[in-house]
Amino acid sequence: ALRGERVYHLEGLRCPDEGQIAETGPGALALFLQRAREVDRRFACENGELEAAGHICRLVEGLPLAVELAAAWAPLRSCREIAAEVEGGLQVLAANVRGTGDRQSSVSAAFEPSWRRLGREEQIAFAGLAVFRGGFDGPASLAVAGAERPVLERLAERSLLRHDRVGRYTLHSLLRQYAEAKLSEDAGKLEGHERRHAAYYAELLARRGPALRDGRQMAALAEVGLDWENARRAWMVACARGWTDLLSAALDGLCEVLSIRGRYQEGLSLLELAAQGLGGDARAQGELTGRLLVWQGTMCLHQGMYDNARQRLRDGCRRLCGTQAVRVKVMAILGLGRTADFEGQARRAERLAALAVSWARASGDTWALACSLGFYGSLVKQGGRPQEAWAILQEGVATGRAVGDRRCLTVSLSALADIAADHGDYGQAAELYRECLDLGRELGDRYREGVHLNNLGTVAHLAGNLS
């Protein structure tokens, strides 16, 4: 930098928020619509096309040249088709009209001079960073792309990287696509970078997995959440490449995050990718497939898909016979119990819950015990034995507090609140439901938040507190 120099970081034009379907003032969407109408007087955004146009603007992060090049295809493609092609690569962002200069003829042409001015070390690093999604930090860039901090700083000085105040780097989405095209010129290098990326984030999920089930839960969620896009991509690449060792390492941590956040549909989609990838691998037909089936069954259960849940949980149990995966087997038994409970088979549900408690005690797994006690106590309460249920649930609360997993604790607290409400102790019930509500909000689980707001409202109504 020169003495007295002032640096201003320029961002793209303002883009509409996701779901916004009305034309707004000046910004990327206005530019897109203006250029599209210039090249096609019949152009009209109808039947969801305006939302697709906004999606195009977000994909290119408001970069004016990219917005104009995308709009130039309006006479030949719908906005949805243009968006799909932008997601697939930079090829569509090339001029199909006369009168553009060489550097304005395509986004790739605009980036090419910057690429040529890089040294060889910087080119290798920049191309390797294409495997990241949603940002990365210095240790990750070094482990995956071999890019040391001085190289990152030089790339940032050339506006090829963005560096924030917490030490993370991001690539503009179009620069990432350009870098990915450079990396893909050597298939061996691409696979090597993808393997290192997948291994790095599989190890993150494996390392933080235990913390997602204890008192470090919130810190672990924050850490994984910061790199969720990278973790998700690592999983998808490992599925496509058949890297069963990385899938095994990442599975529990990935599913814990999805379960805590209540993102069961996303979880089922990601697990189905793994199931498809494991289909032809005879080595993976044991414990890994068993664990995968149990997680699939658990998420099917939360989606109300009881037949699918029962089938997968049973298959998972069979595959885990003879293994040391006690925690996952307890999860499967609890899932089968919950399925039976939802289907009105109360006695079968209680027997399965009691079996889960027995297995958890025998194994010494306090997390599994905390989860099992809450469910078992709620079933004993439903069976008309409130005093016995109260004792079981008190143990569940004590164990849940000792473990630190807010999910396990909430199950026991909520069932205790139900018993208090049944006996007319609305003050204690409200206090317990309020703790459940706070725990759900801490986890960012909107489903649990809604359930316990409803419970608090019901108790207030029963207590005559209509305000």
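These figures come from a predicted structure and were not determined experimentally. Quick note: numbers below take in every heavy atom, side chains included, and nothing from hydrogens, waters or symmetry partners.
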Electrostatic pair Arg162-Glu61, nearest N-O below 4.0 angstrom: yes
Separation between OG of Ser358 and CG of Leu369, rounded to the nearest 0.5 Å: 10.5 Å
Spatial distance of atom CG (Leu254) from atom CZ (Arg232) [nearest 0.5 Å]: 9.0 Å
Close side-chain approach of Val403 and Arg213, heavy atoms under 4.5 Å: no
For Ala219 against Arg208, the heavy-atom pair lying closest together: C-NH2, 4.2 Å
pair Asp137-Phe132: side-chain heavy atoms closer than 4.5 Å: no
Stepwise side-chain contact (heavy atoms from CB on, under 4.5 Å) test for Asp418 and Tyr433: CA-CA 9 Å; Asp418 292 344; Tyr433 284 139; 2.3 Å; yes
Separation between CE of Met331 and CG of Leu336, rounded to the nearest 0.5 Å: 11.5 Å
Step-by-step side-chain contact (heavy atoms from CB on, under 4.5 Å) determination, Met305 to Leu268: CA-CA 11 Å; Met305 303 159 60; Leu268 285 172; 4.1 Å; yes
Close side-chain approach of Leu175 and Leu160, heavy atoms under 4.5 Å: yes
Side-chain (Ser378) to main-chain (Ala415) donor-acceptor, under 3.5 angstrom: no
Backbone of Pro16 reached by a side-chain donor or acceptor of Arg58 within 3.5 Å: yes
What side-chain donor-acceptor pairs closer than 3.5 Å can you find for residues 338-348, not counting sequence neighbours?
residue: Thr339; atom: OG1; partner: Gly335; partner atom: O; Å: 2.8
residue: Glu343; atom: OE1; partner: Arg310; partner atom: NH2; Å: 2.6
residue: Glu343; atom: OE2; partner: Arg310; partner atom: NH2; Å: 2.5

Step-by-step side chain to side chain donor-acceptor pair (under 3.5 Å) determination, Ser248 to Arg291: CA-CA 9 Å; Ser248 182; Arg291 290 163 54 210; 3.0 Å; yes
Salt-bridge present (Arg133, Glu180; N to O < 4.0 Å): yes
Under 3.5 Å: donor-acceptor pair, side chain of Ser414, backbone of Val411: no
Close side-chain approach of Leu393 to Ile419, heavy-atom, < 4.5 Å: yes
Short N-O contact, Lys381 and Asp422, less than 4.0 angstrom: yes
Arg216 and Glu223 ion-paired at < 4.0 Å: no
Leu416 and Gln428, any side-chain heavy atoms less than 4.5 Å apart: no
Over all atoms of both residues, closest heavy-atom pair of Ser372 and Val357: CB-CG2, 3.6 Å
Parallel, tilted or perpendicular: ring planes of Phe126 versus Trp115, cut at 30 and 60 degrees: tilted
Pairing of Arg176 and Glu229 as salt bridge, 4.0 angstrom limit: no
Ser412 side chain to Leu409 backbone, donor-acceptor under 3.5 Å: no
Basic-acidic side-chain contact under 4.0 Å: Arg233, Glu194: yes
Residue pair Leu247 / Cys239, side-chain heavy-atom distance below 4.5 Å: yes
Flag side-chain contact, heavy atom, 4.5 Å: Leu155 against Leu129: yes
Intermediate values then yes/no, side chain to side chain donor-acceptor pair (under 3.5 Å), Trp295 and Asp252: CA-CA 8 Å; Trp295 275 114; Asp252 293 333; 3.0 Å; yes
Could you list the donor-acceptor pairs under 3.5 angstrom formed by side chains in residues 438-445, with sequence neighbours left out?
residue: Arg441; atom: NE; partner: Glu449; partner atom: OE2; Å: 3.2
residue: Glu442; atom: OE1; partner: Arg406; partner atom: NE; Å: 2.6
residue: Glu442; atom: OE1; partner: Arg406; partner atom: NH2; Å: 3.4
residue: Asp445; atom: OD1; partner: Tyr447; partner atom: N; Å: 3.0
residue: Asp445; atom: OD1; partner: Arg448; partner atom: N; Å: 3.1
residue: Asp445; atom: OD2; partner: Arg448; partner atom: NH1; Å: 2.2

CG-CD1 distance between Leu118 and Ile124, expressed to the nearest 0.5 angstrom: 11.0 Å
Minimal non-hydrogen separation, Ile56 against Cys79, with atom names: CD1-O, 3.5 Å
Nearest heavy atoms of Trp367 and Cys408, plus distance in Å: NE1-SG, 3.7 Å
Intermediate values then yes/no, side-chain contact (heavy atoms from CB on, under 4.5 Å), Val330 and Arg327: CA-CA 5 Å; Val330 170; Arg327 176 173 291 172; 5.8 Å; no
Main-chain N/O of Arg407 paired with Gln217 side-chain donor or acceptor, under 3.5 Å: no
Leu204 and Tyr200, any side-chain heavy atoms less than 4.5 Å apart: no
Leu212 side, atom CG; Cys255 side, atom SG - distance, nearest 0.5 Å: 11.0 Å
Residue pairs fulfilling ring pair (Phe, Tyr, Trp, His ring centres under 6.0 Å) with at least one residue in residues 143-196, sequence neighbours excluded: Phe111-Tyr178, Phe136-Tyr169, His163-Tyr169
Interatomic spacing from CG in Leu59 to OG in Ser173 - rounded to 0.5 Å: 7.0 Å
With Asp315, the side-chain hydrogen bond (donor to acceptor under 3.5 Å, both in side chains) member among Arg312, Arg318, Arg319: Arg318
Taking every non-hydrogen atom, the tightest pair across Ala125 and Ala145: O-CB, 4.4 Å
Heavy-atom pair with the smallest gap, counting every atom of Ile333 and Cys317: CD1-SG, 4.3 Å
Worked check of side-chain contact (heavy atoms from CB on, under 4.5 Å) between Asp227 and Tyr201: CA-CA 8 Å; Asp227 271 310; Tyr201 290 102; 3.6 Å; yes
Lys329 backbone acceptor or donor facing Trp359 side chain under 3.5 Å: no
